[in-house]
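Throughout, a chain's letter reflects where its sequence line sits, starting with A, and its residues are numbered from 1. Note that these values count all heavy atoms, side chains included, but never hydrogens, waters or copies made by symmetry.
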There are 2 protein chains.
Amino acid sequence: MPWELKSDRPIYTQLIEQIELMIFSGVYPLGSKLPSVRDMAQEAAVNPNTMQKALVKLEEDGLIITHRTSGRSITEDARMVEMAKTKLAQEQISDFLEKMQLMGFEQKEILTIIDNMVKEMKK
Amino acid sequence: MPWELKSDRPIYTQLIEQIELMIFSGVYPLGSKLPSVRDMAQEAAVNPNTMQKALVKLEEDGLIITHRTSGRSITEDARMVEMAKTKLAQEQISDFLEKMQLMGFEQKEILTIIDNMVKEMKK
DNA sequence: ATTATTGTATTAACAGCTTAATACAATAAT
DNA sequence: ATTATTGTATTAAGCTGTTAATACAATAAT
């Protein structure tokens with residue numbers, strides 16, 4: 001998964017989101033060790049300070065543990081990860097539904113549209 | 001519809017999005033006159049320059065027409081509005097589905113979740 | 001013990017967004 | 001004709017995000 005960074009939003013927030021996704025989807029398994037700030041920064045082609053900022057936030061959220069001089073690792077608390085994942089999913093869904101309704105789509109319409117798109121993707 | 005402006009993204013982009021929604025949903029009907037930049041800025045509690053920036057972009061996209069000294073109005077080209085609306089909707093849906101899949105949800109799961117949420121909303 | 005690697009902190013510079021205060025140009029309203 | 005309203009442009013200031021270059025502190029590796 002290449003790092004996809006656009007310029008329309010702060011980079012560090014995008015880093016946070018993408019690292020979250022990698023945790024949720026198991027790219028970084030529970031308890032696994034993360035690369036160093038410098039390595040992750042280089043891989044994402046951003047400044048170490050920017051990556052640092054993202055990692056600090058993820059630590060505040062409890063998804064990442066910092067071991068002062070031996071790097072960082074993903075938390076081993078599966079419940080915490082699951083909760084964060086569920087919360088994000090619900091936000092995604094409600095934001096999406098709200099916006100579609102603001103655009104004037106009926107709930108029934110929305111379901112139909114998604115249904116069709118999912119069928120398309122299965123092909 | 002109160003203006004909802006967060007500080008995590010440029011305000012002018014949020015203004016663009018919200019005005020688009022108002023056009024798509026008919027709050028501003030086709031051909032109708034928009035308030036002046038100054039009035040809209042005051043209503044949204046932003047600087048006139050910021051509102052101006054958003055309106056200029058909407059004009060570039062063809063959704064708004066500028067009448068040099070007598071204000072702006074929504075385009076009367078229903079086809080153009082419909083196309084912009086469809087394009088936005090498709091972006092919303094594909095972004096949403098992509099993110100849910102990155103989080104590790106199966107397509108079937110996603111449909112079920114949305115189905116349930118829509119049923120919830122109907123109550 | 002020494003070295004390398006880790007996270008962390010600091011300072012400076014630059015760019016973009018936002019606000020503020022004006023000013024100008026065109027024209028609708030009077 | 002005059003006035004008011006419209007969009008537009010300019011300049012300055014402040015803030016945040018980003019990069020860059022360094023330095024420090026703690027400790028794992030040797």
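If you find the closest nucleotide of DNA chain C to Thr13(B) and to Val37(A), the one lying nearer the 5' end belongs to Val37(A). Nearest-nucleotide assignment on DNA chain C puts the 5′-proximal partner with Leu55(A), out of Ser7(A) and Leu55(A). Judged by closest nucleotide on DNA chain D, Gly71(B) is the one of Gly71(B) and Gln14(A) placed further toward the 5' end.
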**OP:** Determine, for nucleotides 19-30 of chain D in 5'-to-3' order, which nucleotides have protein heavy atoms under 4.0 Å from the base (write B), from only the sugar-phosphate (write S), or from neither (write -).
**Re:** BBB-B--BSS--

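Phe105(B) meets the ring pair (Phe, Tyr, Trp, His ring centres under 6.0 Å) test with no other residue; sequence neighbours excluded. In this structure, the salt bridge (Lys or Arg N to Asp or Glu O under 4.0 Å) partners of Arg9(B), at least two apart in sequence or on a different chain, are Glu17(B). Remark: Lys85(B) pairs with no residue by the side chain to side chain donor-acceptor pair (under 3.5 Å) rule, at least two apart or across chains. Residues passing the side chain to side chain donor-acceptor pair (under 3.5 Å) test with Glu82(B): none are found, sequence neighbours excluded.
Distance, His67(B) NE2 to dG7(D) P: 10 Å, rounded to whole Å. The NZ-P distance, from Lys53(A) to dG7(C), rounds to 18 Å in whole Å. Atom P of nucleotide dC17(C) and atom CE of Met51(B) are separated by 17 Å, given to the nearest angstrom. Atom pair Gln52(A):CD and dT6(C):C1' shows a separation of 11 Å (rounding to whole Å applied). Rounded to whole Å, the distance from CG on Leu15(A) to P on dG17(D) is 13 Å. The CD atom of Gln42(A) sits 13 Å away from the P atom of dT5(C) (whole-angstrom rounding). The nearest whole Å value for the distance from the NZ atom in Lys6(A) to the C1' atom in dG16(C) is 19 Å. Note: CD (Glu59(B)) to C1' (dG7(D)) measures 10 Å, nearest angstrom.
The structure places CE of Met22(A) at 14.0 Å from CE of Met103(B), a figure rounded to the nearest 0.5 Å. Note that CG of Leu34(B) is 7.5 Å distant from CD1 of Ile19(B), once rounded to the nearest 0.5 Å. In this structure, CG on Leu63(B) lies 7.5 Å from OG1 on Thr75(B), to the nearest 0.5 angstrom.
For the side chain to side chain contact (heavy atoms under 4.5 Å, CB included) with Met51(A), the qualifying choice from Asn47(A), Asn49(A), Leu55(A) is Leu55(A), the only one to do so.
Remark: DNA chain D forms stems of 3 or more consecutive Watson-Crick or G-U wobble pairs, all pair distances under 3.5 Å, at C:1-30 with D:1-30.
Asp61(B) and Lys57(B) are joined by a salt bridge, as a carboxylate oxygen and a charged side-chain nitrogen come within less than 4.0 angstrom of each other.
In this structure, the nucleotide among dT8(D), dC17(C), dG7(D) sitting nearest to the side chain of Ser36(B) is dG7(D).
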